[in-house]
Amino acid sequence: MTESRTHTLFSFGTLRDERVQTALFGGAVPTSPAALAGYTTRPLKITDPAVIAASGLDVHLILERRLGASVEGAVLHLTDQELAAADAYEVDDYTRRRVVLSSGATTWAYLDAKPLRPAERIVVVGDSIAYGRCDLRGGWAGHLAAAHIAGNEAERRLFNLAVPGSTLADVGEQTPALLAARRPDTLLVAAGINDSAVPAAGTTAQADADLPAGSGSSSASDSDSDSEETADFARVAGSLDTLAATALGHNARLVVAGPSWLDEDRTRDYEGLRFTRARALALRAFLRAWCEANHIDFLDLWEPLRERTELLVDGLHPSAEGHRALYEHLDALGR
């Protein structure tokens, strides 16, 4: 029985070549003309001998964003096995993501593996850390804006729409109405730490957790805590699903930034909530797993502040120097 060709993949380069298709798939695959709006291409030097041998070229093309531009190509119709072969063929500079064709159909395409490098118009949404609290220069997003716009002041933009105190649910609800006027090609979401907060000391949940061993309530409290975390992360997943759909609806690439390290010994209670390292780490792991499962870019911001408590103002919010460290790390990962 012939395997169903359930996948579509937009190609603008060597994957359209029948010689490459024969080398990868064993023969030519069904294709149809297509175009990708909002993109242009730039050359990429290839050093992998196997890829050069298959294509006959040591310079390929890679997509980058350009408002008003369009890239002509073709949609390949592939089986699971053929899609896996195409993945193996592409070098590490590429990663497979969902895009919207000029026709309005969604499909796979290979984009730059560094998600902020090809961007032209970036919208940042998130919480107080993304907002730049405690840094008069606008935090890591302010540094990113300066570097990004300096590369092409005429065309590049970065809009920081982060709101202190926001949860991912807040971001998911607020973001759709903000995008049309700004025409983003990249949506950078930096929120979630507020979703990971737990009730502060003195609440019922904390009182149950503080009962002495043998009282019969400890295991029940642990079970309740696990159930609450599962429910919290289910809500986080729902918010991320909404943001992914919102980004795709605007032909924008979704990029998710993970939480930064926090010093639990120095964080104070905020409006009946407290922040713990265990919950932040659980959030980090969840965001990474969700992004991997959904082919979304994840930028891990945990390490630059790890055990560097002097770079935190209050155990949670980075100082100006802390924001600089976050930006330098994000720049290396994303640009």
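Note that the coordinates shown come from a computational prediction; the quantities given were computed from them, not determined experimentally.
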For [X] and [Y], indicate whether the former's side chain and the latter's backbone hold a donor-acceptor pair under 3.5 Å.
{"X": "Ser319", "Y": "Leu311", "value": "yes"}
{"X": "Asp170", "Y": "Thr167", "value": "yes"}
{"X": "Arg324", "Y": "Ala320", "value": "no"}
{"X": "Lys114", "Y": "Asp331", "value": "no"}

Set of residues satisfying salt bridge (charged side-chain N to carboxylate O under 4.0 Å, His left out) with respect to [X], sequence neighbours excluded:
{"X": "Arg253", "result": "Asp297"}
{"X": "Asp58", "result": "Lys45"}
{"X": "Arg133", "result": "none"}
{"X": "Glu82", "result": "Arg5"}

Check your understanding: Are any of the side-chain nitrogens in Glu264 or Arg279 under 4.0 Å away from the carboxylate oxygens of its partner?
Key ->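 Salt bridge: no.
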Any pair counted as side chain to side chain donor-acceptor pair (under 3.5 Å), so long as it reaches [range], sequence neighbours left out:
{"range": "residues 155-164", "answer": "none"}
{"range": "residues 175-200", "answer": "none"}
{"range": "residues 118-132", "answer": "Ser128-His317"}

**Study point:** salt bridge (charged side-chain N to carboxylate O under 4.0 Å, His left out) contacts touching residues 24-38 (sequence neighbours left out)
**Key:** none
Exercise for review: Enumerate the residue pairs fulfilling salt bridge (charged side-chain N to carboxylate O under 4.0 Å, His left out) with a member in residues 237-250, sequence neighbours excluded, ordered by first and then second residue.
Suggested key: none
**Study point:** Non-neighbouring partners of Tyr89 that pass ring-ring contact (aromatic ring centres under 6.0 Å, His included), sequence neighbours left out
**Key:** none
Check your understanding: Which pairs, with at least one residue in residues 229-258 and sequence neighbours excluded, count as a ring-ring contact (aromatic ring centres under 6.0 Å, His included)?
Key ->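 Applying ring-ring contact (aromatic ring centres under 6.0 Å, His included) to every pair that reaches into residues 229-258, excluding sequence neighbours, yields Phe233-Phe286.
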Check your understanding: For residues 24-63, which residue pairs qualify under ring-ring contact (aromatic ring centres under 6.0 Å, His included), counting only residues two or more places apart or in two chains?
Key -> none
Point to revise | Residue from Arg96, Arg97, Arg335, Arg42 passing salt bridge (Lys or Arg N to Asp or Glu O under 4.0 Å) with Asp112 | key: Arg42
